[in-house]
Student: 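Quick one: this structure, given as structure tokens, is what I'll be asking you about.
In what follows, residues are counted from 1 in the order of the sequence shown. Quick caveat, the model's predicted, so the values are computed rather than measured.
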Amino acid sequence: MRLLEDRAKQWLRARDLPVPQGRAAGTAQEAGAAARTLGGRVAVKALVAAGRRGKAGGVQLVEGESAAQAAARAILGMEVAGQRTERVYVESAVAIEAEFYLSFGFGRLAPRVVVSRHGGIDIETVARTGPAGIVTADIDPLRGLTAWQAAGLWDRAGVEGRLLPPLAALTARLYDAFRAADALMLEVNPLALTRDGSLSIVGTMMEIDANALFRHPAWQDLDLEDAGPGGRPLNE
């Protein structure tokens, strides 16, 4: 079961990870109010369980309350990857210097991490035309992923210099968040290097194991087909 971006980022923010401030909105007026509260340039995003929203027109960068309202009106009701947009996510825009890709999932026998120094909306193109730019490795499920191991992965991906230690440390912390959420998938794209030299989790998706929902009280309200309280599958 996929968490939408507001829930996924709420989980990461609660673990003191670098997530831009944002809030969900169900109407254009709510989106405008969110933009006014956040101040400055904001991103208005379709809240759907799908990637590549930018290419579908589901992400707009605007400034000001009225512009955010107009963006929300355009996005609400839009179909993205076959899903109707019922809400938008309004988030402080980030001045991006470089974009990276990071994801956690599962291989055949173990958790797996994927990193690339080429993030953003064209990561699929990188996978097709330059697969050497994408580094994949299994993670020992008992030992986890250390910052030192993460540094080795990013080094193989072509990241150099002073960025390597903070990027590796953030990667290790994101794996801890992935594991603590009982997640099946956590994708950060882009993981942005901002113009002030900090790292920011700009885009993220997370898929969680419905069988583990009983361990997560904050997600008890999620709707699951053929499931009882806490996500436990119903028996006869």
Student: Among residues two or more places apart or on two chains, list those pairs meeting side-chain hydrogen bond (donor to acceptor under 3.5 Å, both in side chains) that have a residue in residues 66-77.
Tutor: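 Counting only pairs at least two positions apart or across chains, the side-chain hydrogen bond (donor to acceptor under 3.5 Å, both in side chains) contacts touching residues 66-77 are Q69-R73.
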Student: Regarding R215 and D182, does a basic nitrogen lie under 4.0 Å from an acidic carboxylate oxygen?
Tutor: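 Answer for the salt bridge query: yes.
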Student: Does a salt bridge link R23 with E91, judged by any charged N lying under 4.0 Å from a carboxylate O?
Tutor: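 Between E91 and R23 there is no salt bridge, as every charged N stays at least 4.0 Å from the carboxylate O atoms.
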Student: By the rule that ILVMFWY residues connect when side-chain heavy atoms come within less than 4.5 angstrom, directly or transitively, which residues belong alongside L47?
Tutor: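 Members besides L47, by chain and number: L4, Y89.
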Student: For R143, give me all partners under salt bridge (charged side-chain N to carboxylate O under 4.0 Å, His left out), at least two apart in sequence or on another chain.
Tutor: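 In terms of salt bridge (charged side-chain N to carboxylate O under 4.0 Å, His left out), with neighbours along the sequence ignored, R143 is linked to D140.
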Student: Tell me, please, which residues at least two apart from R112 pass salt bridge (charged side-chain N to carboxylate O under 4.0 Å, His left out).
Tutor: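 Salt bridge (charged side-chain N to carboxylate O under 4.0 Å, His left out) list for R112, sorted by chain: D138.
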Student: Looking at T85 and G77, would you say the former's side chain and the latter's main chain have a donor-acceptor pair under 3.5 Å?
Tutor: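 No; zero donor-acceptor contacts below 3.5 Å.
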Student: Check side-chain contact (heavy atoms from CB on, under 4.5 Å) between V59 and all other residues, then give those that pass, not counting sequence neighbours.
Tutor: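 If we apply the side-chain contact (heavy atoms from CB on, under 4.5 Å) test to V59, skipping adjacent residues, the hits are K45, R53.
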Student: Mind checking what makes side-chain contact (heavy atoms from CB on, under 4.5 Å) contact with D16, not counting sequence neighbours?
Tutor: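 D16: side-chain contact (heavy atoms from CB on, under 4.5 Å) contacts with R173.
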Student: Apply side-chain contact (heavy atoms from CB on, under 4.5 Å) to E79 and list each qualifying residue two or more places apart in sequence or on a separate chain.
Tutor: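 Listed in chain order: nothing, the list is empty.
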Student: Counting distance only, does the side-chain N/O of S116 pair as donor-acceptor with the main-chain N or O of G119 below 3.5 Å?
Tutor: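 No.
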Student: R7: which residues meet the salt bridge (charged side-chain N to carboxylate O under 4.0 Å, His left out) condition with it, sequence neighbours left out?
Tutor: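 Once residues adjacent in sequence are excluded, the partners of R7 under the salt bridge (charged side-chain N to carboxylate O under 4.0 Å, His left out) criterion are D221.
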Student: Which pairs with one or both residues in residues 183-202 pass side-chain hydrogen bond (donor to acceptor under 3.5 Å, both in side chains), sequence neighbours excluded?
Tutor: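 Found Y101-E187, T194-D196, T194-S198, D196-S198.
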Student: Using a side-chain heavy atom cutoff under 4.5 Å and only I, L, V, M, F, W and Y, what cluster partners does M185 have?
Tutor: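 Taking Ile, Leu, Val, Met, Phe, Trp and Tyr as members, M185 shares its hydrophobic cluster with M205.
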Student: Specify whether H216 and W11 have parallel, tilted or perpendicular ring planes, treating 30° as the upper limit for parallel and 60° as the lower limit for perpendicular.
Tutor: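 Because their plane-to-plane angle is over 60°, the rings of H216 and W11 count as perpendicular.
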Student: For the backbone of A183 and the side chain of E207, can you confirm whether one donor and one acceptor N or O come within less than 3.5 Å of each other?
Tutor: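 Looks like no, no N/O pair under 3.5 Å.
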Student: Would you list the pairs meeting salt bridge (charged side-chain N to carboxylate O under 4.0 Å, His left out) in which at least one residue belongs to residues 26-36, sequence neighbours left out?
Tutor: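 Found R36-E65.
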Student: Determine the interplanar angle of the F100 and W154 rings, folded into 0 to 90°, and report it as parallel if under 30°, tilted if 30 to 60°, perpendicular if over 60°.
Tutor: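 Rings of F100 and W154: perpendicular, as their planes differ by over 60°.
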Student: List for me each residue that meets salt bridge (charged side-chain N to carboxylate O under 4.0 Å, His left out) alongside D209, sequence neighbours excluded, and say none if there are none.
Tutor: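 So D209 forms no salt bridge (charged side-chain N to carboxylate O under 4.0 Å, His left out) with any residue.
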Student: Is it true that a side-chain atom of S103 and a backbone atom of L186 form a donor plus acceptor pair closer than 3.5 Å?
Tutor: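 Answer holds: no.
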